[in-house]
Protein chains: 2
Amino acid sequence: MNNITSLYSGNGFGGLDKCNNCPVRGLSFCSALDTLALEEFSALSKTRSFTDGQLILTEGEVNEYIGSITEGIVKVYKLLNDGRQQIISLGFPGDMLGNIIDAEYNYFVEAVGKVKICLYRVSRIASFAATNPEIYLSILGKTNQQLSHARDWLVLLGRKTAKEKIASFLLLLSEHHLGSETDQAFKIPLKRQEIADFLGLTIETVSRNFSSLKNQQLIREQAGHMLIIVDYSALKNIS
Amino acid sequence: MNNITSLYSGNGFGGLDKCNNCPVRGLSFCSALDTLALEEFSALSKTRSFTDGQLILTEGEVNEYIGSITEGIVKVYKLLNDGRQQIISLGFPGDMLGNIIDAEYNYFVEAVGKVKICLYRVSRIASFAATNPEIYLSILGKTNQQLSHARDWLVLLGRKTAKEKIASFLLLLSEHHLGSETDQAFKIPLKRQEIADFLGLTIETVSRNFSSLKNQQLIREQAGHMLIIVDYSALKNIS
DNA sequence: TGCGCCATTTGATTTATATCAAAAGCTGTT
DNA sequence: AACAGCTTTTGATATAAATCAAATGGCGCA
């Protein structure tokens with residue numbers, strides 16, 4: 001066992017200081033809380049780190065924790081019986097993990113590279129909400145955002161061509177790339193197979209379309225999978 | 001104009017009586033309210049009816065209303081620039097329409113057959129919630145359910161074959177078919193083109209796969225598009 | 001009853017993407 | 001530097017689903 005349930009125990013280091021120093025302060029679902037409420041909420045949190053490929057949540061596991069990504073990227077995916085995989089979302093810093101409704105998780109969450117997550121027990125959220133009901137509105141906001149993204153992805157999976165899918169994917173990544181404005185290069189965090197599993201394609205189709213976009217001079221790829229979008233608006237037209 | 005915004009005005013007939021007589025009492029997001037709160041909430045509601053094909057919500061329109069389907073089925077869909085359409089969800093009685101977060105609707109909602117909706121102004125939800133915060137948890141529950149369904153559909157669109165898609169669709173319909181247990185026949189509410197737009201297929205592929213399932217004796221179709229699932233478990237294996 | 005208008009089905013063909021296969025590129029290690 | 005074990009790319013071919021086209025079926029209405 002190396003997922004949240006087994007890793008949560010012990011050595012938390014909650015407290016307002018941590019939350020005020022939080023790298024996603026203002027993005028996370030706790031951002032709606034005022035100073036007083038935040039202090040109380042902060043005490044409930046624990047931070048956990050994960051390394052590339054580590055399972056964070058497992059389908060079927062009891063829904064004990066809700067989390068907020070403070071660093072890194074996670075992939076959320078489902079599996080069919082025969083092993084076919086579909087990534088149903090990518091989680092970026094500030095994004096919420098899990099929910100406070102279901103009895104069990106119904107998907108897998110895996111770290112893509114190094115990941116840090118701020119965790120809260122679902123049961124503690126409930127008692128906290130008794131005096132701070134605004135936390136529900138905040139969680140609702142995050143859930144609504146996830147629903148909106150999922151619906152955009154339904155259109156992509158149902159109606160877009162392979163090349164349109166790749167273009168949309170690159171633009172999605174560029175939106176979440178928080179590097180300097182002048183430096184347009186960013187690292188593609190996923191392997192080709194993972195991109196395929198996100199876009200409902202095969203690895204070969206992904207690779208061919210990357211090559212095609214390079215030939216069309218819309219993108220360039222540098223050492224270590226660093227990507228530069230050469231013609232942003234042309235890519236947008238394709239997507 | 002023939003959508004909610006234009007139809008809401010005037011002749012509402014709120015009050016507790018209506019809500020207690022509500023056909024989806026216990027299913028809708030208002031079901032979490034106790035008798036006292038329900039009376040207050042009920043006074044805020046208006047009921048509207050729509051006929052087949054009528055637009056209920058329009059993309060880009062200001063998000064003024066949240067609704068609960070009390071009767072009939074709606075389709076929620078998005079369009080690409082070139083007219084390609086993807087149905088992102090079907091709404092059944094008890095399902096929530098819209099949200100209380102976004103500034104604008106970002107999809108279209110259209111009546112499939114005769115539809116009745118119970119409407120609330122988003123702004124009134126906010127003031128109601130000041131004294132009845134449990135309404136947020138209730139709306140969160142509905143939103144979370146929609147997210148869960150959207151994610152199931154991502155797997156369907158991204159990774160399932162045409163025949164698997166049709167099988168999943170028929171099973172989805174049968175779950176929402178609230179007719180008598182003995183009578184297994186139900187009407188398919190969507191046209192072939194709409195089914196195609198829901199499953200990310202073309203009308204011809206949908207038709208061919210219906211024919212194929214009929215040849216395999218897994219389903220039967222009677223007059224007026226009444227459908228009988230002959231071999232439920234075989235269909236489940238395919239889905 | 002028969003006509004017109006759709007929706008659906010079926011057939012023929014094309015095509016985008018998957019599949020199968022092999023070569024080429026990386027990266028870390030000895 | 002050379003090798004092992006990957007990932008990615010490219011090529012050849014197959015195939016599921018799309019496209020193009022026509023026939024069939026239903027249903028309301030004059």
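Each chain gets a letter, A, B and so on, in the order its sequence line appears, and its residues count up from 1.
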* **Nearest non-hydrogen partners of B:Arg84 and B:Asp82, listed with the distance** => NE-OD2, 3.0 Å
* Structure fact -> For B:Asn63 and B:Ile101, the nearest pair of non-hydrogen atoms, with its separation, is ND2-N, 4.2 Å
Expressed in angstrom and rounded to an integer, what is the separation of [X] atom [atom1] from [N] atom [atom2]?
{"X": "B:Asp52", "N": "D:dG28", "atom1": "CG", "atom2": "C1'", "result": "15 Å"}
{"X": "B:His225", "N": "C:dA7", "atom1": "NE2", "atom2": "C1'", "result": "7 Å"}
{"X": "B:Arg84", "N": "C:dA16", "atom1": "CZ", "atom2": "P", "result": "13 Å"}
{"X": "A:Leu190", "N": "D:dT8", "atom1": "CG", "atom2": "C1'", "result": "15 Å"}

* How about B:Glu110 and B:Tyr77: does a side-chain donor come under 3.5 Å of a side-chain acceptor? -> yes
* Asked: Looking at DNA chain C, which of residues 159-168 of chain A put a heavy atom within less than 4.0 Å of it?
  -> A:Thr161, A:Ala162
* Structure fact -> Under a 4.0 Å heavy-atom cutoff, the residues of residues 201-213 of chain A touching DNA chain C are A:Leu201, A:Thr202, A:Glu204, A:Thr205, A:Arg208
* **Residue-phosphate contact under 4.0 Å: A:Lys191 side-chain N/O, D:dC6 OP1/OP2** => no
* Residues in salt bridge (charged side-chain N to carboxylate O under 4.0 Å, His left out) contact with B:Glu104, at least two apart in sequence or another chain -> none
* With no hydrogens and no angle check, is any side-chain donor or acceptor of A:Arg159 less than 3.5 Å from a backbone partner on B:Leu79? -> no
* Rounding to 10 degrees, work out the angle separating the end axes of the helix from C:dT1-D:dA30 to C:dT30-D:dA1 (five pairs an end). => 20°
* Within residues 144-158 of chain B or reaching into it, pairs that qualify as salt bridge (Lys or Arg N to Asp or Glu O under 4.0 Å) - sequence neighbours excluded -> A:Lys78-B:Asp152
* B/S/- contact track for nucleotides 22-27 of chain C, protein heavy atom under 4.0 Å -> ------
* Is the count of non-hydrogen atoms from other residues, nucleotides or ligands lying under 6.0 Å from A:Lys187 atom NZ greater than 12? -> yes
